[in-house]
Every structure is written in structure tokens, then in C-alpha cells.
Amino acid sequence: TPNHFQVLATDGDVHLGGIDWNDRLVDYVAEEFKSRHGVDPRESASTLQMLRHDSDQAKITLSETNSATLACRHQGKAMSLQITREKFEELTGDLMQRTADTAILVLEQAGVTAQQLDAVVLVGGSTLMPRVPQMLKELTGRDAFQGLSPHTTVAQGAAIHAAILEAKFRGESSELAERVRKLLRNVKQEDVNSHGLGIAARNPKTGKMVNHVMIPRNSKLPVEVKSTCSC
């Protein structure tokens with residue numbers, strides 16, 4: 001129903017983000033500079049900071065056009081390098097594959113096939129890179145939904161969630177507030193935990209730490225688990 005929202009599964013690569021795409025450009029330019037001039041611009045903190053900034057801007061440019069120019073200056077030497085979108089996608093192909101693997105994994109965990117999806121919604125600035133919706137279309141067979149801004153979707157969702165909580169737990173006297181609260185109270189949300197939860201125990205004989213997961217990831221909330229540990 002329109003007022004019933006159920007999370008089936010959640011997953012993500014916590015060691016992967018937009019900065020990893022930036023770093024590929026940084027390393028590509030730095031290695032080319034080193035090859036031409038015999039010095040590595042990454043050895044200078046100030047030069048590296050500038051190169052990281054410029055690489056981020058180049059990534060954004062490559063989302064809108066087919067080429068971008070990156071300049072690097074270090075120890076009195078300079079270099080300008082043109083990078084095509086094709087080259088950028090080649091440099092970051094393995095990162096995109098990790099993204100695809102995560103998407104496949106979360107579908108499997110949810111027990112949903114790509115054909116059962118009604119929409120694919122992109123969230124986060126990195127999804128503006130053309131290769132992201134292309135990859136998802138290859139996986140799911142459908143174009144990404146374009147009705148929401150990847151930059152503001154999370155904030156909008158958080159605001160809606162806050163309004164639902166306020167309607168359920170805070171009272172107002174006005175008639176309009178009561179009507180809105182009544183609508184929002186009818187919203188039903190079912191969530192899952194995004195990480196496995198448990199305890200860490202140390203074996204007194206070996207000193208080895210053991211992570212005992214009591215509530216697996218993607219367990220439906222609320223959930224309660226009791227466990228007795230013996231040494």
C-alpha cells in the first residue's frame with residue numbers, strides 16, 4: 001500500500017566512495033608527471049592537495065563532457081594532461097565492478113530479481129557519473145528514475161522520516177496539525193539492521209578474540225536475541 005514501506009535488505013562497500021575515483025586521476029597524473037620530469041608531485045603535501053581538488057573537479061567535468069584537462073605544477077616544472085571519459089572509465093573499471101557486485105549482492109539478500117523492481121533510484125553525487133546508470137541498466141534492464149536529485153534525496157527522506165516521528169510522538173493543538181498527524185500516523189515502516197550485531201569475547205586460555213554475531217545483518221526490526229555464553 002502507499003503508506004507501507006518495507007526495507008528488504010541493505011548493503012554497501014564501506015571502503016568505496018567518490019574519493020577512490022578521484023585518487024585514480026591523482027595517481028594517473030602523478031605517474032605521468034613523474035615519467036616526464038623525474039619527480040613525484042605526491043611527495044609535496046600542498047601539491048597533492050591541489051591535485052586532489054583538481055581531480056575532483058575533473059571528475060565532475062567528465063560527467064558532463066567527454067574530456068577534461070588536468071594541470072600539475074611541482075618544483076618549478078609543469079604539465080597539462082587531457083583525459084577523456086573513456087580513459088577515466090578505464091582507470092576506474094574495477095571500482096565500478098565492485099559497485100556492481102554490491103548491487104547484485106543486495107538483490108540476492110532481498111530475495112528480489114531485477115525484473116521485479118519497479119524503479120532504480122540513484123542517490124549520491126557519484127551516481128551522476130554516466131557509467132553508473134549505464135551499469136545499473138545492464139544489471140536490471142531498466143533506466144534509472146530521474147524524478148529525484150541525487151544530491152538532496154537523503155536529506156528529503158530524513159525530513160519525511162522526522163515528520164512521521166514527530167506526528168507520532170508530539171502533540172499540537174491546531175486542527176491542521178491534527179489532520180497531518182493523523183495521515184502520518186498511518187504510515188507503516190519496516191526496517192532491517194544494516195550491520196551484524198553481537199559481542200566480542202576473549203578466550204581466557206588462548207587470549208584470542210572471537211566475534212559472536214547474535215543478530216545477522218538484514219534482520220527485520222524490531223528483533224530480540226538472547227544467548228548464554230560459557231567459558
Side-chain angles (χ1 to χ4, degrees), residues 7-35 41-42 47-72 79-110 112-160 194-195:
V7 179
L8 299 180
T10 179
D11 209 332
D13 189 334
V14 296
H15 299 292
L16 183 65
I19 194 172
D20 295 291
W21 271 261
N22 296 356
D23 286 345
R24 291 298 170 86
L25 287 175
V26 169
D27 292 338
Y28 178 69
V29 174
E31 289 298 329
E32 184 64 26
F33 191 97
K34 184 178 178 181
S35 176
R42 291 167 295 191
T47 302
L48 179 58
Q49 181 180 11
M50 182 63 69
L51 189 53
R52 283 175 170 163
H53 173 271
D54 292 346
S55 293
D56 184 52
Q57 295 303 304
K59 179 185 68 176
I60 295 173
T61 299
L62 288 170
S63 293
E64 302 170 351
T65 63
N66 289 321
S67 66
T69 300
L70 265 168
C72 182
M79 181 193 75
S80 182
L81 189 64
Q82 187 178 61
I83 300 175
T84 64
R85 181 187 294 174
E86 181 180 10
K87 182 62 178 179
F88 177 55
E89 292 178 353
E90 175 189 328
L91 292 171
T92 57
D94 63 310
L95 303 180
M96 192 60 63
Q97 184 58 54
R98 285 170 61 182
T99 306
D101 292 342
T102 300
I104 293 171
L105 179 60
V106 77
L107 284 174
E108 292 177 350
Q109 292 174 340
V112 174
T113 65
Q115 291 72 30
Q116 292 175 298
L117 297 176
D118 293 321
V120 176
V121 181
L122 303 181
V123 177
S126 291
T127 62
L128 294 172
M129 292 186 291
R131 184 66 189 117
V132 174
Q134 287 174 4
M135 175 271 291
L136 289 172
K137 185 173 183 179
E138 292 168 4
L139 288 180
T140 66
R142 60 175 62 247
D143 292 315
F145 178 68
Q146 300 294 330
L148 294 169
S149 167
H151 291 299
T152 60
T153 300
V154 173
Q156 289 174 316
I160 293 171
S194 58
H195 300 281

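Ionic pairing of Glu90 and Arg24 is not present here: no N-O contact between side-chain nitrogen and carboxylate oxygen is shorter than 4.0 angstrom. The pair Glu31-Arg42 counts as a salt bridge, with a side-chain nitrogen and a carboxylate oxygen less than 4.0 angstrom apart.
Taken from CE in Met135 to NZ in Lys137, the straight-line distance is 14.0 Å, to the nearest 0.5 Å. Between the CD1 atom of Ile104 and the CG atom of Leu139 there is a distance of 5.0 Å, given to the nearest 0.5 Å. Expressed to the nearest 0.5 Å, how far CG of Asp20 lies from CG of Leu25 amounts to 12.0 Å. Rounding to the nearest 0.5 Å gives a distance of 5.5 Å between CG of Leu107 and CG of Leu117. If you take CD on Gln134 and CG on Asp143, they are separated by 10.5 Å, rounding to the nearest 0.5 Å. Atoms OG1 and CE, on Thr92 and Met129 in that order, are 6.5 Å from each other to the nearest 0.5 Å.
Residues passing the salt bridge (charged side-chain N to carboxylate O under 4.0 Å, His left out) test with Asp118: none are found, sequence neighbours excluded. Residues meeting the side chain to side chain donor-acceptor pair (under 3.5 Å) test with Asp54, sequence neighbours left out: none. Looking at residues two or more places apart in sequence or on another chain, you find no side chain to side chain donor-acceptor pair (under 3.5 Å) involving Glu64. Every residue two or more places apart in sequence or in another chain that forms a salt bridge (charged side-chain N to carboxylate O under 4.0 Å, His left out) with Glu32 is listed here: Arg36. Contacts of Asp101 classified as salt bridge (charged side-chain N to carboxylate O under 4.0 Å, His left out), with partners at least two apart in sequence or in another chain: none. Checked against side chain to side chain donor-acceptor pair (under 3.5 Å), Asn66 has no partners two or more places apart in sequence or in another chain. Applying the side chain to side chain donor-acceptor pair (under 3.5 Å) criterion to Lys34, with sequence neighbours excluded, gives no partner residue. For Asp23, the salt bridge (charged side-chain N to carboxylate O under 4.0 Å, His left out) criterion is met by no residue, not counting sequence neighbours. For Thr61, the side chain to side chain contact (heavy atoms under 4.5 Å, CB included) partners two or more places apart in sequence, or in a different chain, are Thr65, Ala68. Judged as a side chain to side chain contact (heavy atoms under 4.5 Å, CB included), and not counting sequence neighbours, the contacts of Thr84 are Glu86, Lys87. With sequence neighbours left out, the side chain to side chain contact (heavy atoms under 4.5 Å, CB included) criterion links Thr47 to Pro41, Ser44, Cys72, His74.
More than 12 heavy atoms of other shown residues, nucleotides or ligands fall within 6.0 angstrom of atom CD in Glu138. Enclosure of atom CE in Met50 is not indicated, since only 12 or fewer non-hydrogen atoms of other residues, nucleotides or ligands lie within 6.0 angstrom. The local environment of CD1 in Ile60 is crowded, with over 12 non-hydrogen atoms from other residues, nucleotides or ligands closer than 6.0 Å.
Side-chain contact between Val29 and Met79 is present, with heavy atoms from C-beta onward closer than 4.5 Å. The shortest distance between side-chain heavy atoms of Leu136 and Leu122 falls below 4.5 Å. Between Ser55 and Leu70, the closest side-chain pair of non-hydrogen atoms falls below 4.5 Å. Side-chain contact between Glu89 and Met96 is absent, with no heavy-atom pair separated by less than 4.5 Å. Two residues are said to be in side-chain contact when any heavy atoms from C-beta on lie closer than 4.5 Å; Val132 and Thr99 fail this criterion.
Remark: side-chain polar atoms of Asp56 are not paired, donor with acceptor, to backbone N or O of His53 under 3.5 angstrom.
Listed by first and then second residue, the salt bridge (Lys or Arg N to Asp or Glu O under 4.0 Å) pairs involving residues 9-19 are Asp11-Arg217, Asp13-Arg98 (not counting sequence neighbours).
Scanning all heavy atoms of the two residues, the minimum distance from Gly18 to Ser126 falls at CA-OG, 3.5 Å.
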